[in-house]
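Remarks on the structure that follows.
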Amino acid sequence: MADILDVAIVGGGPAGQAAALHLAGRGLDIAVIDEQPRPGGQILRQPPASFTVPGWLAGRGYARLKHQLARFEALDDIRWLGGCSVLDLAPTMDGLSLLAATPGGISRIRARHVLVATGCQDLAVPLPGWTLPGVMSAGGIQAFVKSQRFIPGERILLAGTHPLQLIVAEQVVRAGGEVAAILFAQPRAGMIATAMRHPLIALRRAPDLAAAASAMATLRRAGVPVRFGAPLHAISGMDRVTGAVTGMGEIACDTVGLCYGFVPQSALPRMAGARMHKAGPAGGWACAHDHWLRSSVVGLSVAGEALGVAGAAAAAAGGAIAGIGIARDLGLFAPEQAERMARPHRHAFDTHRAFAAMLDSIADPTGHLPRPDAETLLCRCEDVSFETICGAIEQGGSANAIKLATRCGMGACQGRNCEPALLRLLGDVGRGDDPGFTARFPARPVAIGDLAESG
Amino acid sequence: MKRVDVAIVGGGLVGCATAWRLSTAGASVELIEAADINAGASGQNAGSLHFQIERRFLENGDALAEQASSIVALSRIAVEDWRGLETALNADLHVSMAGGLMVAETADHVALLERKATREQREGLKVRTIDGDAARAIAPYLSASVLAANHSADEGHADPRTVTPALAAAARAAGATIRTHSAVHAIGRRAGGGFTIAGNGFSLHADQVLIAAGAWTAALCTLANLHMPLYPVALLMNATERTAPMVPHLVQHVGRRLSLKQTHAGNLLIGGGWPSRLAQLPGGGFDLSRRATMIPDSLSGNLRAAIDVVPAISRLNLIRSWTGVTAISADQLPIVGQVPRMPGLWIAAGGSAFTLGPTFARLVASAMAGGPSEALDIVSPARFEHLNGFMG
């Protein structure tokens, strides 16, 4: 590998692919780094290379993304570093430095430009019973179904506020699984009214609305109840999930998928010291950026959900803008040329982000999140209860002080799961301006033996 | 204007412990902290209770080692202070004093150990030198590369997350006022004695002032027009995932930078003085308001030293590395006591202040009330009085 790469792209999903497609073929040293062995991101999560999954993501909605993926996989001047976790990202004198855990050990990668396109994760939602085996994020269920046609339960209940749960339920049903019900905590009237307030935005994304409608039809045919104004209160079971306490009464199930929205994977830009701002209503942190999606850290660009969760189409458009911007900064395009090339992508970016903003208001979990009880674990890495955290909040400290006092956020996930819940609680008592946890190395747990200098 | 007997600047271990001691003795105390209680080195350090002479005192020749060995007198007192702290505060601080081993892996290190133990025994600290097999009999987790060790039965660790908050709670309960998120902007001497302390939205009169603000102490001393030779240092620490109990002792190394222990929760904490890089100000100088950055060689070197001494660590996951910022003085010894040319102004900073903090606090509180202060003579700011010949 070159001593210093021209571009390192972290994330092989739609945003990272789009950027790579704009940067490839120009004599640059480029690597694309991803935790999964194969590119695609969460949206096109590929089966392992040794698997054959008939009719993998055959739906029409995936066609464009699959076309882009095929073009990306055909590139021959991009180094694909699959199965690699980036542990650290830090600015240096002449670019940025990444530390990655690769299948062959720890590797330091230096690059003049880095694009962070790390996607998002499901919002973790603490509620009574959420640590029972059988409780998953809707995205987790979808990952199993998409990549391996594996249905992680006999009878799955989906609950939350985000319309994605309709798509997940449809995929489960099509793969032969049973969905007990889909519960939306918010009333349907409010969702429709929000969409009606933005008819043009909705119209431009008619295929997505059609997909939701088609999912609804599939679910109706399969006899799956879809309920609105039906909050989830608690999950019951002794050793694993046996049911859920809901606004519709007790529902028997062995698996619950929680679907209250998504938060950006923000660890890397935060570690690099980029300026962040609050992401959408589900919480989390989005990276502040300029016209070319460059962050406040020189050489660091961002695209996709790290800018705020807006879906695959916005991610692909943003990836293209960021890729063109990096090529421009490397002197490959004149400013006017870059602007011309970026124009259609900017249009798509704005359209899709407007739709995402509408979806955010439809799916807004604020006021619809289940209430933890005193013993509910908010931080499940370190077993810190809701009661303990409320006690620490009363002492008046910042999120970092509460972390130090209670161990909330000190575990293996580095606060990825508990930070949004803690910041919500701080917001409830008028401390919504808390900057959150200080991002710590490593972004992912890594074996000490791999990091130590050779003996 | 509000008047108190003592104003304390800094809400770390020493500040909170002094506030507790003073208010328990009936003094009126106001403690002023720029951030949160326990936000600095008091909460960021790895919680070692180390009573043996530290490796950093031994690596710069015999003259410095000789001078530093005098601190053992304070370590001996600190053993007793830590033994009584949980009872005195009626709080669980996860104090564990199951003993500590300072190990050696080469013949040179073994010689260093023996010279160190001689100094310590001369100062009355109970330390014995044992060979590698004897060390492994006590600590089976140690590697075969360990040739010898100094064993101190009193060493151990406590939980930095809980010690200072417990001291702050005890100080409050005894009547002290604690003001957080309040930076001090002015420290002025009053005609006729005493000081005025002012910051955003507050000012008060105090008969005496203690500055116990870790790496920020030198800057605060400039508010009183004093030089204090304290220099910020940024030290790396690492935590593994939680694991079953395996290391009950404090483990240090006489020839390499390593300190290692297992917390009450089960994480192994690995440190020992590996540097991080402090943020810099554009015009020169260090910027303590910004985060220090990790030096890759510090990380890999520290973890290598840990694996060499405790091989089982190799398979554990690292889940967090962080940097704490403390201060060291010009001669490496802490600076604790009254500034001779400015009666009523007291300093307590300069490192080792987790292990020695409760002792510093007790002695300073007693000396402020007119009690004896001989035990603090070896760390007194009087030794730097020459720097303040044109100041004050």
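By convention in this document, chain letters (A, B, ...) are assigned in the order of the sequence lines, proteins followed by strands, and residues within each chain are numbered from 1. FYI, side chains are in, hydrogens and waters are out, and symmetry mates aren't considered; it's all heavy atoms of this structure.
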**Q.** Heavy-atom contact with chain B under 4.5 Å, split by part of A:M410
**A.** both
Q: Select one option (side chain, backbone, both, neither) describing which atoms of A:C381 are under 4.5 Å from chain B's heavy atoms.
A: backbone
Q: Side-chain contact test, heavy atoms from C-beta onward, threshold under 4.5 Å: evaluate it for A:R108 versus B:P296 and give yes or no.
A: yes
Q) With side chains defined as the heavy atoms from C-beta onward, is the minimum distance between B:I270 and A:I448 less than 4.5 Å? A) yes
Which pair of non-hydrogen atoms, one from [X] and one from [Y], has the smallest distance, and what is that distance?
X	Y	answer
B:R291	A:T438	CD-CG2, 3.3 Å
B:R242	A:D383	NH2-OD2, 4.1 Å
B:Q44	A:R440	OE1-NH2, 3.5 Å

Q: Considering only heavy atoms and a distance below 4.5 Å, find which of A:A90, A:S398, A:G396, A:A443 pairs most often with chain B.
A: A:S398
Q: Name the member of A:E382, A:M271, A:Q414 that forms the most heavy-atom pairs with chain B at distances under 4.5 Å.
A: A:E382
(Q) If we check side-chain contact (heavy atoms from CB on, under 4.5 Å) with A:F441, which of these qualifies: B:L299, B:I319, B:T293? (A) B:L299
Given that the side chain runs from C-beta out, which part of [X] has a heavy atom under 4.5 Å from chain A: side chain, backbone, both or neither?
X	result
B:D36	side chain
B:T162	neither
B:N38	both
B:I307	side chain

(Q) Would the distance check show the side chain of B:R161 and the main-chain N or O of A:L404 forming a donor-acceptor pair, the cut-off being under 3.5 Å? (A) yes
